[in-house]
There are 2 protein chains.
Amino acid sequence: MVTNKNCILRLSRYKNALYRFKTLGFHKIFSDYLADAVGVTSAQVRKDFSLFGISGNKRGGYQIDALIIKLNDILGKNELQKVIIAGAGNLGSALMKYKNFEKEGIKIVAAFDIDPSKRNPKFPIPVFALEELEEFVKTNEIKIGIISVPDIAAQHTLDIMIRAGIKGVLNFAPMQLKNAGDCVVNNVNLELELENLIYFVNAMQKSAGVITLNDPLI
Amino acid sequence: MVTNKNCILRLSRYKNALYRFKTLGFHKIFSDYLADAVGVTSAQVRKDFSLFGISGNKRGGYQIDALIIKLNDILGKNELQKVIIAGAGNLGSALMKYKNFEKEGIKIVAAFDIDPSKRNPKFPIPVFALEELEEFVKTNEIKIGIISVPDIAAQHTLDIMIRAGIKGVLNFAPMQLKNAGDCVVNNVNLELELENLIYFVNAMQKSAGVITLNDPLI
DNA sequence: TAGATTGTTAATCGATTAACAATC
DNA sequence: TAGATTGTTAATCGATTAACAATC
């Protein structure tokens, strides 16, 4: 199992770049070209592929169609991914309306909130009581959840999700969560991202230049 | 200049942990204890500090108060950080109401949108026309901006920000942005974070265990 | 002083890159 | 075949960690 997060992020970028090459009418591609498109070395491309047992032709490069299928398979994109949200506040509501998830085959199927005024089982995306989360997750076999509840409620929410059988959580609460089950937690901390950015801006004032903190997300 | 993003993230965690120690009545601390609190090695703590010229006492450890001041200074937290948002849609509006920024000394002072129906100069946080961004940024000496506009508008928005003198951008558009000026761009791509999470969940189905993708954000 | 902790150097670890034999 | 590209091994690079001399 490959556990290098950067490597998986590159797979996503390879995939996105390949769709663009396909649109341009290409059917096969060399590691060289793909590397250029994504901004890495060709050795990196071949190494990443070999980690997943993807092979090309010694002289003909890689078949784009077959490559896209393989990458989508690795990334779990060959089936619709159903996701639930706990916390239908400002951030949760924004995520429910976020168009880019659907483009990527990710569908937010329901949200849950303790506040009755936030509930509405008839929204395009229904908002239920938090108590209904466990049954919903089990009935609909949901594996992925998003935590966008207030900080103090985050741990309790994670516990509920794990008990319900959630296997992966995108957590927006800036809290260290105790993870009891066999569940993957991916933390996104917006304050910290801004704090980090501010450091680099201040540090750059002295030594001018251009920096991109994260790799481009093609 | 230290350009290791992980190192800067650790500084934030040290700082947060130190506030907790201070609350508990401690006045000084050893690298050992701080390391435990943050989940790193004591060598890592001392190494990080030495990179920033922070020194302690050979036998007395580090003075918590002095350390907090120094870390806050490095992280730019000794002054209020004013931030503007371009794009007052779902995500932009949610960020405007996000309480955790203020806790961290980050204040969103204005938003800008091309859609006249989104505008309101009288909101707690005013929403102006995009054309007003440049003057506002110059008048108020803003250095940090957030891009939460639709994908296709992101590059144009960055260009406007750079022309206005913005030095750091938190970009939520899943686009590779061409960065002309001496501006730091920090990309946050929520689709990609979910995609990544889904990979790890699928990969774990085979080899069970507990994974936390990002370090805890204490 | 004896003991404990820092600050730094050297070793280790993991990820990326260069190089090249295999081969289409 | 000659030439070009893959797949993989070895070298490099950067970050983390272990170890320990300096010293309070």
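Just so we're on the same page: letters track the sequence lines, and every chain starts at 1. FYI, side chains are in, hydrogens and waters are out, and symmetry mates aren't considered; it's all heavy atoms of this structure.
- If you check D:dG7, C:dA18, D:dT16 against the side chain of B:N6, the one that comes closest is D:dT16.
- Shortest non-hydrogen contact noted between B:V184 and A:L197 is O-CD1, 3.7 Å.
- Atom CG of A:L9 and atom P of C:dT16 are 11 Å apart (whole Å).
- Per the geometry, CG belonging to A:N4 stands 9 Å off C1' belonging to C:dG14, to the nearest Å.
- Counting heavy atoms from C-beta outward, A:I8 and A:F52 have side chains that approach closer than 4.5 Å.
- Under the Watson-Crick or G-U wobble criterion, with both distances below 3.5 Å, D:dA15 is paired with C:dT12.
- Checking the phosphate oxygens (OP1, OP2) of D:dT17, no side-chain nitrogen or oxygen of B:R46 falls inside 4.0 Å.
- No engagement by B:S42 is indicated, since no non-hydrogen atom pair under 4.0 Å with the nucleic acid exists.
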- Task: Begin from the C-alpha positions of B:Q155 and B:D159 and carry the test side-chain hydrogen bond (donor to acceptor under 3.5 Å, both in side chains) through to its verdict.
- Result: CA-CA 6 Å; B:Q155 182 65 58; B:D159 296 342; 3.0 Å; yes
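- Among the atoms of the strands shown, none is found under 4.0 Å from any heavy atom of A:D32.
- Closest to the B:K47 side chain, of the nucleotides C:dT17, C:dT8, D:dA4, is C:dT8.
- Between B:Q44 and B:D48 the shortest side-chain heavy-atom distance falls below 4.5 Å.
- Distance, B:D36 CG to C:dT5 P: 13 Å, rounded to whole Å.
- Of all nucleotides present, only D:dT6 satisfies the Watson-Crick or G-U wobble test against C:dA21, with each distance under 3.5 Å.
- For A:N57, no side-chain nitrogen or oxygen approaches OP1 or OP2 of D:dA4 to under 4.0 Å.
- Going from atom CG of B:D48 over to atom C1' of C:dG7 covers 13 Å, rounded to whole Å.
- When rounded to the nearest whole Å, the span between CD of B:Q44 and P of D:dA19 equals 16 Å.
- For the pair B:F49 CZ and C:dG7 P, the interatomic distance rounds to 10 Å; values are reported in whole Å.
- Here A:Y62 lies in heavy-atom contact (under 4.0 Å) with sugar-phosphate atoms only.
- Residue A:V40 is the one, among A:R59 and A:V40, whose nearest nucleotide of DNA chain C lies closer to the 5' end (criterion: closest heavy atom).
- At a cut-off of 3.5 angstrom, the base of C:dT5 holds no donor-acceptor pair with the side chain of B:K58.
- Going from atom CG of A:L51 over to atom C1' of D:dG7 covers 12 Å, rounded to whole Å.
- For B:T41 and D:dT16, the shortest distance from a side-chain N or O to OP1 or OP2 is not below 4.0 Å.
- Two residues are said to be in side-chain contact when any heavy atoms from C-beta on lie closer than 4.5 Å; B:Q81 and A:E195 fail this criterion.
- Remark: B:S50 is not in phosphate contact with C:dG7, judged by side-chain N or O atoms under 4.0 Å from OP1 or OP2.
- Between B:Y62 and B:F49, the distance separating the two ring centers is shorter than 6.0 angstrom.
- If you take CD1 of B:I29 and P of C:dT6, they are 10 Å apart, rounded to a whole angstrom.
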